[in-house]
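This report refers to the structure that appears directly beneath it.
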Number of protein chains: 2
Amino acid sequence: MATSSIKEVAQLARVSVGTVSNVLNRPEIVSPATRERVFKAIRELGFVRNEVARHLRVGRSRTVGLVVLDVANPFFADVAQGAEALADEHDTMVVLCNSAADPRRERRHLDQLEQQRVMGILITPVDAGSPRLAELAARGTPVVLVDSAATGLQCSVAVDDRLGGHLAGSHLIERGHRRITYVGGPPSIKQVADRHAGIMNAVAETGGDVELVSHVLPALSVAGGRAAGERVAGLPAKRRPTAAFCANDLIALGFLQAMAARGLRVPDDMAIVGYDDIDFAAAAAVPLSSVRQPRELLGRTAVDLLLEEVTAPEQHRHRQVIFQPDLVVRESSALRRRE
Amino acid sequence: MATSSIKEVAQLARVSVGTVSNVLNRPEIVSPATRERVFKAIRELGFVRNEVARHLRVGRSRTVGLVVLDVANPFFADVAQGAEALADEHDTMVVLCNSAADPRRERRHLDQLEQQRVMGILITPVDAGSPRLAELAARGTPVVLVDSAATGLQCSVAVDDRLGGHLAGSHLIERGHRRITYVGGPPSIKQVADRHAGIMNAVAETGGDVELVSHVLPALSVAGGRAAGERVAGLPAKRRPTAAFCANDLIALGFLQAMAARGLRVPDDMAIVGYDDIDFAAAAAVPLSSVRQPRELLGRTAVDLLLEEVTAPEQHRHRQVIFQPDLVVRESSALRRRE
DNA sequence: AGCGGTTTTTGAATCGACTCAAACCCCCAA
DNA sequence: TTGGGGGTTTGAGTCGATTCAAAAACCGCT
């Protein structure tokens, strides 16, 4: 019932607690005979080391927190998987927390993680400028921003979202589209704002030849995309855009679904480009063109930066890693049959 | 830098550590004046309570582990969300761990969680019979099986997968299908085996009128479903089944995609029913019929059972909660046009 | 001033594992 | 026999917060 402690192991093995601790941590300095005796006692008692006590003493935990905007978005699931993979190699646990883009929930999670004295926190913040993050760092919990660029005070891994938006935009323009709609979320989310800026840029470069209409959704969800799609599909054909760039794949999938429901053909009546290239994008019945981000790599690199900072805090210099996205063209934005 | 401890707070506020602890835990028994002084000191020092030390002393953690087979499967993301929601109400953290259906990774996570002395573990096990789970419980870490029925030695929440398989099967049979294929995963996963048993049952009830061919995939993934779909699509039309029941929605989506790629119409040439009713099922371009499980409720109930066991271990009796699934019919299995 | 009764505050003991200086053991050389 | 040197083992002190019996402070009243 009650798990046994190092003390009981010591008693049973007729050694001191110090020796048991040595067997656990530096078995090579203990004589083989004693070591065996201790192991036997451990097995007999079903002893499991109390990581909490250990952590209290040595002061550093083997856990990192990963706070994301939406666990249900496969993009973040993949980031998490990347993070976990590297953490695993370093005997470290990743605890995944969902802020659901709610500042209050984010705050609670940060509080909890700090109280637990985690080794560090990886976070895609609701608001990257929040003083809370600086506080954490100042009090000794290193923070790495994920999918969101920092400004020198901390480490970050991000993807060039402006470039991503630009890629999507110029692709559509190249394909001959002159009326394009952008479907995005609240611009308070930096990534989203940047993607928007990117496509606006691409449009501007054409010199006024292309018309861009923007839809702003309250949340980056399938349902939101569907709603936007319905609205767009309802427009008279001559005013209706011929292409849509969605700020993420969830929106794009919803948008696509609305087209199907309204009998519009993709890509002939409406081309669609999404963002993130989640697995479901390729699996959609009209496979979705999408701006691909190195999802697992984002997570992996974030853990890497964190470990670097924790292992050698002295000579650590904060770094901002930025990856380049690329465009994956699939059927949803294939060349239109000329009408 | 170094976070300050209760001792420094005491010093600054000119009280004893006991008083600081009281302010933190039972502020009402401390005189208002002292209380204010202590709060001020806490603010000044940026003191953050060390949950690790607290936990060591009081012996119980406010964290539960949730170990799932696949974080990238939205089904589990939803289960996690449900679990988190209820845990949140009880000031408890959920740490999400991904076993990726790999017994070794599962084992590592269990070890870590036990060492951390978590309050309890919710798990969708790779192998529900593993002695490791019994060990955990015996040593004092309560375990609740999720989406997998227990045999009386522990609590569990599950969904009647046989019924689910039966629902899908009889639905397809009712719709007039006489050649049906089942696309599932390794039968070592209990849920999968049960779903299979369910549809076989439904088929058996027709008295040999219906033919059922089963495909077994190594993993329950989109890619697997696609591969199976290609194989089925390649059959000559007369031998090809007219309907498919997939063991989960990921498979169903892959299968659906393969149909589209091969030019087979859904549901006219091939009806499809999936399992789990993840959000992407409804959002697929041919909205997917699917057996719905109460995903969030599963997570929520699991936490509930755990809390019950932890709060009143004496009078706790292990319970096995079983939910009924229901079938959501969408376009992918709509009535066929009579040929 | 002294007393009984409350309300507050104190501080040593505790949780379990780790650390490290000191003690111990054994063997060999002087 | 003694001394020294390696390899082992010991055990008290420590990490930070909680607990609780005991001490202290306070109050109203005689």
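The sequence lines fix the lettering, A, B, ..., with proteins before strands; numbering per chain opens at 1.
A salt bridge between D91(B) and R108(A) is present, with a side-chain N of the basic residue lying under 4.0 Å from a carboxylate O of the acidic one. A salt bridge between R132(B) and D111(B) is present, with a side-chain N of the basic residue lying under 4.0 Å from a carboxylate O of the acidic one. For R139(B) and E114(B), the salt-bridge test passes: some basic side-chain N is under 4.0 Å from an acidic carboxylate O. For the pair E135(A) and R107(A), the salt-bridge criterion is not met [side-chain N within less than 4.0 Å of a carboxylate O].
Residue R105(B) qualifies as enclosed at atom CZ: its count of foreign heavy atoms under 6.0 Å is above 12.
Atom CG in L45(A) sits roughly 12 Å away from atom P in dA17(C) (whole-Å rounding). With rounding to whole Å, I42(A) atom CD1 is found 10 Å from dA17(C) atom P. Rounded to a whole Å, the CZ atom of R14(B) is 17 Å from the C1' atom of dG11(C).
D147(A) and Q191(A) form a side-chain donor-acceptor contact under 3.5 Å, judged by distance and modelled atom types alone.
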Checklist entry - Run the side-chain contact (heavy atoms from CB on, under 4.5 Å) check on Q116(B) and S61(B) step by step: do they pass? => result CA-CA 8 Å; Q116(B) 311 254 22; S61(B) 141; over 6 Å; no
Item to check | CA sep, side-chain torsions, deciding dist, call: D127(B), K190(B), side-chain contact (heavy atoms from CB on, under 4.5 Å) | outcome: CA-CA 8 Å; D127(B) 163 19; K190(B) 187 70 173 3; over 6 Å; no
Item to check | V71(B) vs L96(B), side-chain contact (heavy atoms from CB on, under 4.5 Å): CA-CA, chis, key distance, verdict | outcome: CA-CA 8 Å; V71(B) 260; L96(B) 187 55; 3.8 Å; yes
Next on the checklist: Between H316(A) and C155(A), does the side-chain contact (heavy atoms from CB on, under 4.5 Å) criterion hold? Intermediate values first, please.
Outcome noted: CA-CA 10 Å; H316(A) 175 80; C155(A) 283; 3.3 Å; yes
Next on the checklist: Go through it in stages, so that I can follow the logic: the residues are R62(B) and E51(B), the test is salt bridge (Lys or Arg N to Asp or Glu O under 4.0 Å), and I'd like the CA-CA distance, side-chain angles, deciding distance and then a yes or no.
Outcome noted: CA-CA 9 Å; R62(B) 297 225 120 290; E51(B) 187 60 35; over 6 Å; no
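At a threshold of 4.0 angstrom between heavy atoms, the contacts of V15(B) are confined to the sugar-phosphate backbone, with no base atom among them. Nucleic acid contact class of T19(A) (heavy atoms, under 4.0 Å, all strands): base. Using a 4.0 Å heavy-atom distance criterion, S5(B) is classed as a sugar-phosphate-only contact.
Residues passing the salt bridge (Lys or Arg N to Asp or Glu O under 4.0 Å) test with R37(B), sequence neighbours excluded: none.
Of the inter-residue distances, the one linking Q154(A) atom CD with I123(A) atom CD1 reads 9.5 Å to the nearest 0.5 angstrom. Note that CG of L305(A) is 9.0 Å distant from CD of Q320(A), once rounded to the nearest 0.5 Å. Remark: R43(A) CZ to L12(A) CG distance equals 11.5 Å, nearest 0.5 Å.
A heavy atom lying under 4.0 Å from DNA chain D marks the following residues of residues 25-32 of chain B, by number: N25(B), R26(B). Residues from residues 46-55 of chain B lying near DNA chain D, meaning a heavy-atom separation below 4.0 Å, are F47(B), R49(B), N50(B), A53(B), R54(B) in numerical order.
For the pair V17(B) and K7(A), nearest-nucleotide mapping onto DNA chain C gives the more 5' position to V17(B).
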Checklist outcome for this item: The contact string for nucleotides 22-27 of chain C, one letter per nucleotide 5' to 3', using protein heavy atoms under 4.0 Å with B, S and - for base, sugar-phosphate only and none, comes out as ------
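Direction change of the helix axis from one end of the helix from dA1(C)-dT30(D) to dA30(C)-dT1(D) to the other is 70°, with five pairs defining each end axis (rounded to 10°).
Contacts between chain B and DNA chain D, taken as any atom within less than 4.0 angstrom of a protein heavy atom, begin and end at dG16(D) to dT19(D).
Each of Q81(A), E84(A), E89(A) was scored for a side chain to side chain donor-acceptor pair (under 3.5 Å) with R300(A), with one residue passing: E89(A).
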